[in-house]
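Here's the structure we're looking at; comments come further down.
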There are 2 protein chains.
Amino acid sequence: MKGMSRTQGDRVEARARKSGEAAESLRAEEELAREAWAPLFELIQEQMRQFPVLAAEFELSPVQAHALRMLGYEPQPMSALAGHLSCDASNVTGLVDRLEGRGLVERRNAEHDRRVKLLCLTEAGQEVRRRLMERMAEPPAAISALSSAELRMLRDVMRRAVEKLGAPGGKPD
Amino acid sequence: MKGMSRTQGDRVEARARKSGEAAESLRAEEELAREAWAPLFELIQEQMRQFPVLAAEFELSPVQAHALRMLGYEPQPMSALAGHLSCDASNVTGLVDRLEGRGLVERRNAEHDRRVKLLCLTEAGQEVRRRLMERMAEPPAAISALSSAELRMLRDVMRRAVEKLGAPGGKPD
DNA sequence: TCTCAATGGTTGAGAATCTCAATTGTCGAG
DNA sequence: CTCGACAATTGAGATTCTCAACCATTGAGA
């Protein structure tokens, strides 16, 4: 009921050791989390498998699509994009080269620091991104086949879940 | 295995046109599906981002990890793996070369057809796969932070959702 | 039986993606 | 002003990917 943010793992086990019943209950909850995670993970795998196909609809590689998604908000330095993509900075250079070559992205100099280059979408880039995001917002068959009641539950629970992630990118637009 | 992806949209609208009320209800349900999908998609993006890191824990590339996951059941021909990975057959050759080079996978000749080579995990491969799967079954913080009631709902709804996928790989083990 | 199109896998060319190490230009603290 | 830190780039080398061409085998039909 009170779904306070609860950093699990060690802390949970430490508390659990204080009482046999509590320990049992917590282990049950952990098991429950695994059970809930399993089908979710199935869906994720399926989506991961399809993502390259989806990106190809826009003649983008998976990484390019991901990058485009991340560049939707305000201009970001290359290093920030590298962070979002969890990859080396040197990787981003070539990636941006190709996106820039296609006229989807622009490098601009930051006035406060001449080392950094800010990435922003061009008009064309914004348009492609808009269509891409729209396409990605289409729920897959597995989801849209659920009943209204199920959808409502799913929505509410998942909203509460992602709230706890700190929500690095997803609200605007 | 043709175009399952786009089914719902058009068909829903076609049915909707038959009745004003029904149309409204269906549009509402579609909107609901989008609302439920959005936070789910957030989570998926986050997991996709983390997957390479997770695979690296086992010194595997993302594709290798995915392949290992798919090879858990019975021996499969290379073409089947290509299908699971949604990639060209020629791609699988090199991939399997490297996995075989590491002693995780074996090519065996199928007796019923001398063209096909069946892929099976070695002992070492099974062990790595076991640990990999165990690691992937750990729910992320966003999920395990939910309450028991929420987890139960999520589990039940998601189980019903993935049932409709035909479940190509996920039960055994 | 012989032929031949289709199939499973491999090879080679070429592009994109990735990491690591080294480089260049810039910033900021001592 | 100097020096370590930082942003981005470059270059080498590995992996992943697609496409086209290829080889061996299969299965079916003349």
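The structure presented is a predicted model; accordingly, all values stated were derived computationally and were not measured.
- Look at CG on B:L81: it is 14 Å from P on C:dG8, rounded to the nearest Å.
- The side chain of B:R98 approaches D:dT16 more closely than any other nucleotide in the set D:dT9, D:dT18, D:dT16.
- The base of C:dC20 lies close enough to the side chain of A:S90 for a donor and an acceptor atom to sit less than 3.5 Å apart.
- Note: B:L81 CG to B:Q76 CD = 6.5 Å, rounded to the nearest 0.5 Å.
- The side chain of A:P77 approaches D:dA8 more closely than any other nucleotide in the set D:dT16, C:dG8, D:dA8.
- By the rule that hydrophobic residues join a cluster once side-chain heavy atoms approach within less than 4.5 Å of another member, A:L85 and A:F58 end up as members of one cluster.
- Atom CG in A:N91 sits roughly 13 Å away from atom P in C:dA16 (whole-Å rounding).
- Within 6.0 Å of CZ on B:R107 lie more than 12 heavy atoms contributed by other residues, nucleotides or ligands.
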Worksheet item: How does protein reach along nucleotides 25-30 of chain C, written 5' to 3' as B (base within reach of a heavy atom under 4.0 Å), S (only sugar-phosphate), or - (no contact)?
Response: BBS---
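- Between B:D97 atom CG and C:dT10 atom C1' there is a gap of 9 Å when expressed in whole angstrom units.
- Closest contact between the side chain of A:Q64 and the listed nucleotides D:dT16, D:dT9, C:dT17 involves C:dT17.
- Closest to the side chain of B:M78, from the set D:dT18, C:dT17, C:dG9, is C:dG9.
- Judged by distance alone with a 3.5 Å cut-off, no donor-acceptor contact links the side chain of A:S79 to the base of D:dC6.
- A straight line from CG of A:L99 to P of C:dA16 spans 11 Å, rounded to a whole angstrom.
- Alongside A:M153, the hydrophobic cluster contains B:M153 (criterion: ILVMFWY side chains under 4.5 Å).
- The distance from atom NZ of B:K117 to atom C1' of C:dT11 is 12 Å, rounded to the nearest whole Å.
- Interatomic distance, B:E46 CD to A:I44 CD1, rounded to the nearest 0.5 Å: 10.0 Å.
- Atom CZ in A:R49 sits 13.5 Å away from atom CG in A:L54 (nearest 0.5 Å).
- Nucleotide C:dC18 holds its C1' atom 16 Å from the CG atom of B:L60, rounded to whole Å.
- In this structure, CG of A:L95 is placed 17 Å from P of C:dA15, rounded to the nearest angstrom.
- Base pairing of D:dA30: its partner is C:dT1, meeting the Watson-Crick or G-U wobble criterion (both donor-acceptor distances under 3.5 Å).
- Distance CD (B:E59) to C1' (C:dT19): 15 Å, rounded to an integer number of Å.
- Around the CZ atom of A:R131, the shell of radius 6.0 Å holds more than 12 heavy atoms that belong to other residues, nucleotides or ligands.
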